[in-house]
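Just so you know, these numbers come straight off a predicted model, no measurement behind them. Numbers here simply count residues along the sequence, with the first being 1. The figures here come from the full heavy-atom set of this structure, side chains too, leaving out hydrogens, waters and symmetry mates.
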Amino acid sequence: MRYRIATIGMLLAMALMMNTVLMTAAPMMAMAQTAPETGKEIFEQMCAGCHGTYGNGQEGTKSGFVPRIGTLANKEYMDSVPDDYLNMIIKKGGAYMGKIAAMPAWEHKFNDEQVVSLVAHIRTFTATAAKK
């Protein structure tokens with residue numbers, strides 16, 4: 001009798017685990033289908049929570065985000081920054097570049113084309129031309 005109860009318990013546990021796996025997999029599959037592709041989409045999904053919708057650290061930021069980050073909408077600053085520098089910050093993260101450590105490294109998430117597209121989108125905040 002104990003053997004049957006143990007077997008039934010194991011079967012119920014396995015069924016519960018499978019249900020959990022299936023419930024978790026569905027949203028993950030949906031996320032994969034809506035993965036950001038353009039620089040604007042990437043920024044809106046992955047960057048705006050900290051940098052703000054328009055790169056100014058305001059609208060669209062996560063409430064209570066501390067410390068405040070520098071704005072990407074400062075034309076004078078963005079004019080002085082080459083694309084290679086922005087690419088490196090995006091790929092390696094803030095701490096690597098002596099900036100805020102909360103900025104994650106995205107080199108394993110985004111390919112080179114996506115990073116270039118993201119930098120181009122960031123440049124739209126100040127209408128600064130690409131800096132080589």
Side-chain angles (χ1 to χ4, degrees):
M1 183 70 160
R2 283 186 180 176
Y3 177 73
R4 279 189 180 167
I5 293 172
T7 303
I8 291 170
M10 285 176 33
L11 288 173
L12 287 172
M14 287 175 55
L16 183 59
M17 282 182 8
M18 288 300 294
N19 189 35
T20 302
V21 167
L22 291 174
M23 289 175 66
T24 307
M28 290 176 72
M29 288 172 36
M31 280 178 41
Q33 293 173 352
T34 61
E37 293 182 17
T38 67
K40 183 176 193 246
E41 291 171 342
I42 293 168
F43 189 88
E44 288 174 354
Q45 287 188 24
M46 310 304 274
C47 310
C50 298
H51 289 283
T53 306
Y54 303 104
N56 60 6
Q58 301 297 315
E59 182 182 329
T61 58
K62 297 174 189 170
S63 63
F65 181 76
V66 175
R68 284 285 182 208
I69 53 156
T71 179
L72 298 174
N74 179 322
K75 185 169 177 26
E76 185 177 306
Y77 173 72
M78 293 304 287
D79 272 339
S80 72
V81 179
D83 285 354
D84 289 342
Y85 182 76
L86 296 175
N87 288 337
M88 189 64 73
I89 290 176
I90 292 167
K91 288 179 181 180
K92 298 292 185 181
Y96 183 86
M97 299 297 289
K99 299 283 187 180
I100 186 170
M103 166 77 183
W106 296 105
E107 65 187 333
H108 299 295
K109 175 76 176 169
F110 303 124
N111 62 37
D112 289 341
E113 281 181 18
Q114 290 171 310
V115 172
V116 167
S117 179
L118 182 54
V119 168
H121 178 67
I122 290 168
R123 295 259 182 223
T124 67
F125 300 139
T126 58
T128 55
K131 303 283 181 183
K132 301 299 179 205

Under 3.5 Å, side chain of S117 to main-chain N/O of G39, donor-acceptor pair present? yes
Going through the checks in order, is the side chain to side chain contact (heavy atoms under 4.5 Å, CB included) test met by M88 and D84? CA-CA 6 Å; M88 189 64 73; D84 289 342; over 6 Å; no
E41 side chain vs T38 backbone, donor-acceptor pair below 3.5 Å: yes
Closest non-hydrogen atom pair between A105 and K91, with its separation: CB-O, 3.3 Å
Heavy-atom pair with the smallest gap, counting every atom of K109 and Q114: O-OE1, 4.0 Å
So I90 and V119, do their side chains get closer than 4.5 Å, heavy atoms only? yes
Does the side chain of M78 reach to within under 4.5 Å of the side chain of I122, using non-hydrogen atoms? yes
Taking side chain as C-beta onward, heavy atoms only, is C47 less than 4.5 Å from L118? yes
Find out if a path of hydrophobic residues (ILVMFWY) with successive side-chain heavy-atom gaps under 4.5 Å connects V116 to V81. no
Heavy atoms, side chains only, cut-off 4.5 Å: are L72 and N56 in contact? no
Which value, rounded to the nearest 0.5 Å, describes the distance between I42 atom CD1 and H121 atom NE2? 10.0 Å
Between F43 and Y54, does the ring centre distance come in under 6.0 Å? no
When rounded to the nearest 0.5 angstrom, what is the spacing between NE2 in H51 and CD in E44? 14.0 Å
Does the side chain of R123 come within less than 4.5 Å of D83's, by heavy atoms? yes
Measuring from Y96:OH to E107:CD, what's the distance to the nearest 0.5 Å? 8.5 Å
Not counting sequence neighbours, which residues clear ring-ring contact (aromatic ring centres under 6.0 Å, His included) with F110? List them please. W106
Tell me whether M46 shares a hydrophobic cluster with F125, the cluster being built from Ile, Leu, Val, Met, Phe, Trp, Tyr side chains joined at under 4.5 Å. yes
Rounded to the nearest 0.5 Å, how far does OG1 of T71 lie from OH of Y77? 10.5 Å
